Amino acid sequence: MPTICWFRRDLRLGDHPALLAAVAQARADDDEVVALYVVDPVLQHSAGAPRLAYLAASLRALDEATGGRLVVRHGRADHVVPEAAREVGATSVHVSAATEPYGRRRDDAVAAALAAGGAALVRTGSPYAVAPGRLRTGQDGPYQVFTPFRRAWLDHGWHAPAPRPGSVPWATLPSDGVPDAPPTDVRLPDAGEHAAHARWRAFLRDDLDGYDVDRDRPDLDVTSRMSVHLKHGEIHPRTMLADLAAAGTGATGRAAESVATYRSELAWREFHADVLWHSPDATRRSLRPAVPDDAWATGAGADDALTAWTEGRTGYPLVDAGMRQLRAEGWMHNRVRMVVASFLVKDLHIPWQRGADHFMAWLVDGDVPQNQLNWQWVAGTGRDAAPYFRIFNPVTQGRRFDPDGAYVRRWVPELRGVPGAAVHEPWRLPDGPPPGYPDPMVDHAHEREVALADHARRPT
DNA sequence: AGCCAGTTGGT
DNA sequence: CCAACTGGC
């Protein structure tokens with residue numbers, strides 16, 4: 001009986017053992033495999049043009065990889081998937097397990113519709129090394145704290161990457177075709193599994209050894225930039241973990257530390273997916289309030305402040321550089337994400353959800369579990385979040401992590417004439433900020449005190 | 001994965 | 001004057 005591989009944004013054929021086993025079974029039975037991708041308009045509501053354009057490019061690459069057999073259908077998954085199954089007489093549909101709440105509800109609806117037609121939905125795993133929800137504490141509860149989670153995650157281990165099939169008997173079905181990429185000025189990274197693996201190998205070769213020391217330096221551009229490929233399922237974290245294990249064998253000192261640090265970053269990704277699996281409403285709701293509700297800025301003043309932040313004209317150079325990099329690349333260095341997020345929540349007193357929405361609209365790697373839970377981490381509202389009083393100072397962060405100011409000058413043209421670290425405090429230049437660059441929109445020292453005072457009267 | 005004020009022990 | 005350290009937010 002034919003099999004359907006229902007591809008999702010977060011999983012391609014890649015190196016997923018269960019999905020590849022289904023393909024192998026189909027080959028052994030002399031059956032065919034349908035490569036199905038469902039474009040559900042409801043699920044695309046938060047994505048802006050950059051990520052939709054990347055998705056289109058990623059699907060074009062997937063279409064090539066399947067010999068032009070990718071079947072794209074528009075509509076609701078609980079209608080489209082059973083219909084495709086009926087067309088080919090498939091008895092099973094394989095799909096990665098969803099971690100987002102709407103994904104789980106959608107899978108249940110699809111499973112029910114398939115069952116009515118005599119087919120089964122097979123959840124074959126997830127785009128994580130260890131499935132979210134799998135790890136439990138000794139009291140059988142979810143992990144509340146990252147460090148014990150990481151220890152359990154390392155102890156648990158994971159499958160080795162599965163060998164890729166030499167060929168797949170892809171079936172032909174009528175397709176609506178890969179969607180057009182919406183127009184965008186964002187310079188997108190290369191898409192597809194081939195590009196993902198090429199980027200990963202380049203990172204392993206050039207920048208892994210220095211990762212532990214250099215990863216916090218936005219001016220150096222030495223991070224792996226794998227988030228976009230992980231988000232779109234173009235590489236599986238198990239492949240990366242296997243390569244890291246190989247790189248760590250015999251490594252000492254800085255190189256060994258770098259392997260451990262990178263693996264820990266992957267553990268954060270899995271921890272956030274696990275938190276969301278247990279608390280689906282964490283996509284919108286603070287897991288624990290950090291300030292009383294009346295502390296948040298509202299009205300036209302808050303709207304104007306949010307707009308200044310999104311457009312990169314707060315008057316704080318590191319914040320503005322990050323927000324402009326986001327608009328130019330659909331990506332921002334992680335250190336700078338923390339700084340701009342802290343500025344929005346603790347200097348502008350705007351709820352983290354509004355910043356998270358802006359990130360989801362612009363990020364090419366925008367991923368619900370990672371985006372929402374990392375915002376909760378910065379806002380101090382997460383399960384194992386930074387304490388609320390940990391407030392980033394955009395000037396000292398700039399001096400420490402962009403010591404020569406090169407990152408700021410790259411993204412803020414008005415400041416290109418300012419040499420060295422002085423670029424982080426343009427209001428202290430003899431003639432004030434250069435033409436076209438604003439004064440700081442708020443006084444950081446003052447807003448920090450306001451945030452701490454708000455935190456002191458948080459609900460218990 | 002922080003900041004800041006205050007202190008200490010040195011120049 | 002400073003670097004290094006500490007406690008509190």
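Lettering of chains follows the sequences in order, A, B, ..., and the numbering in each one begins at 1. Because the structure is predicted, anything quoted here is derived from the model rather than measured.
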Quick one: are the ring centres of [X] and [Y] less than 6.0 Å apart?
| X | Y | result |
| --- | --- | --- |
| A:H272 | A:W377 | no |
| A:Y316 | A:F343 | yes |
| A:Y128 | A:W268 | no |

For the pair A:F203 and A:Y211, name the ring-plane relationship: parallel under 30°, tilted 30 to 60°, perpendicular over 60°.
perpendicular

List the atom pairs, with distances to 0.1 Å, where a side-chain N or O of residues 144-158 of chain A and a protein N or O form a donor-acceptor pair under 3.5 Å, not counting sequence neighbours.
from, atom 1, to, atom 2, distance (Å)
A:Q144, OE1, A:R383, NE, 3.2
A:R150, NH1, A:S264, OG, 2.7
A:W153, NE1, A:E270, OE1, 3.0

Grab the CZ-P distance between A:R458 and C:dC9 for me, whole Å please.
11 Å

In B/S/- notation (B base, S sugar-phosphate only, - none; protein heavy atoms under 4.0 Å), nucleotides 1-6 of chain B written 5' to 3' is BBBS--

